[in-house]
Amino acid sequence: MRLLTHNMLSSNIKGVSNGFPLRIEVEKVAEKQVDFNADFLRNMFPKIEWKAFVDAAKTIGYAELPEEVDSSALESEEFLNKFHHALLELHLEEGALVCPETGRRFPVSKGIPNMLLHEDEV
């Protein structure tokens, strides 16, 4: 699961008012090469919740992103390379995503998060 995906997911358990961001529990992380596309990064940047993204990157062992950033950073090739690496090349292969409110664990297996809810959570 890419950090791009993580940044878009939230817990939809009935009664949960704050299901974002999901906390990451890491068992295995993989790096997978992805072609660099600066236009894609520039288009995705405004859609990313930055603090959640930086915290997720740190959790999986990548601490090269600035704590705060604005759109002017998109002119920096160095920033775009770091953003690209964290957003698209780092993959949570095994672990779990945890609801910040309830503590419910959603397993991640072979890079795929299982976000299915139990009957009593719908």
Side-chain angles (χ1 to χ4, degrees):
M1 179 192 70
R2 293 177 174 156
L3 291 184
L4 170 61
T5 304
H6 171 263
N7 203 263
M8 305 294 167
L9 293 176
S10 65
S11 175
N12 290 318
I13 297 171
K14 178 175 58 177
V16 169
S17 60
N18 183 24
F20 180 86
L22 296 165
R23 196 180 46 169
I24 298 175
E25 292 180 354
V26 179
E27 291 178 23
K28 180 182 175 188
V29 173
E31 289 188 32
K32 299 179 183 179
Q33 202 68 25
V34 175
D35 290 338
F36 182 83
N37 182 331
D39 289 334
F40 175 78
L41 296 171
R42 288 186 184 103
N43 287 328
M44 285 307 301
F45 180 79
K47 298 172 176 75
I48 298 295
E49 206 299 318
W50 191 257
K51 180 174 178 357
F53 179 63
V54 170
D55 290 346
K58 286 179 184 175
T59 299
I60 65 171
Y62 188 70
E64 301 296 316
L65 297 169
E67 292 291 327
E68 294 182 14
V69 70
D70 61 34
S71 60
S72 66
L74 297 173
E75 303 307 315
S76 164
E77 190 169 330
E78 178 185 2
F79 170 77
L80 286 175
N81 283 321
K82 290 176 180 179
F83 182 41
H84 165 81
H85 182 67
L87 190 70
L88 301 172
E89 295 184 329
L90 296 175
H91 292 253
L92 177 65
E93 288 294 315
E94 302 293 331
L97 303 176
V98 181
C99 175
E101 192 171 313
T102 66
R104 162 76 148 80
R105 295 177 81 251
F106 298 97
V108 177
S109 179
K110 298 178 184 171
I112 300 170
N114 181 348
M115 300 295 292
L116 295 175
L117 300 176
H118 300 296
E119 273 189 45
D120 62 336
E121 297 174 324
V122 180

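In terms of heavy atoms, E25 sits closest to V98 at OE2-CG2, 3.4 Å. Residues L22 and M115 share a closest heavy-atom pair of CD1-CE, 3.7 Å. What you find for M44 and M8 is that their closest heavy atoms are CE-CE, 3.8 Å. Scanning both residues, F53 and I48, for their nearest heavy atoms gives CB-CG2, 3.6 Å. Across every non-hydrogen atom of L90 and E31, the tightest pair is CD2-CG, 3.5 Å. Summarising the geometry of A30 relative to E93, their closest heavy-atom pair is CB-CG, 3.6 Å, with the distance given to 0.1 Å.
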Next item on the list: For the pair I24 and H6, evaluate side-chain contact (heavy atoms from CB on, under 4.5 Å) and give the outcome as yes or no after the intermediate values.
Entry: CA-CA 9 Å; I24 298 175; H6 171 263; 3.7 Å; yes
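Checked by atom type and distance alone, the side chain of N7 never pairs as donor or acceptor with a backbone atom of L3 at under 3.5 Å. At least one donor-acceptor pair under 3.5 Å links the side chain of H84 to the backbone N or O of V34.
Between N37 and L88 there is no side-chain heavy-atom pair separated by less than 4.5 Å. Using a 4.5 Å heavy-atom threshold, the side chains of L74 and L41 count as separate. Residues N12 and V122 fail the side-chain proximity criterion, which asks for heavy atoms closer than 4.5 Å. Contact annotation: the side chain of F106 never approaches that of L9 to less than 4.5 Å [non-hydrogen atoms, C-beta and beyond]. Side-chain contact between V29 and Y62: absent, with no pair of heavy atoms (C-beta onward) separated by less than 4.5 Å.
Atom CD of E77 is separated from atom NZ of K82 by 12.5 Å, given to the nearest 0.5 angstrom. Considering CZ of F40 and CG of L80, their distance stands at 12.5 Å, rounded to 0.5 Å. Rounding to the nearest 0.5 Å places OG of S11 at 7.0 Å from CG of L117. Atom-to-atom distance recorded for E94:CD and M1:CE is 11.5 Å, nearest 0.5 angstrom. Taking CZ from F83 and OG from S76, the interatomic distance works out to 12.5 Å, rounded to the nearest 0.5 Å. Between the OG1 atom of T102 and the CG atom of N18 there is a distance of 10.5 Å, given to the nearest 0.5 Å.
Applying the side chain to side chain donor-acceptor pair (under 3.5 Å) test to residues at least two apart or on different chains, the pairs with a partner in residues 108-120 are R104-H118. Sorted by first and then second residue, the side chain to side chain donor-acceptor pair (under 3.5 Å) pairs involving residues 48-57 (not counting sequence neighbours) are K51-D55.
Cluster annotation: I13 is connected to L97 through the hydrophobic network of ILVMFWY side chains, with a link wherever side-chain heavy atoms come within less than 4.5 Å.
When each of R2, E89, H91 is tested with K32 by the rule side-chain contact (heavy atoms from CB on, under 4.5 Å), just one qualifies, namely H91.
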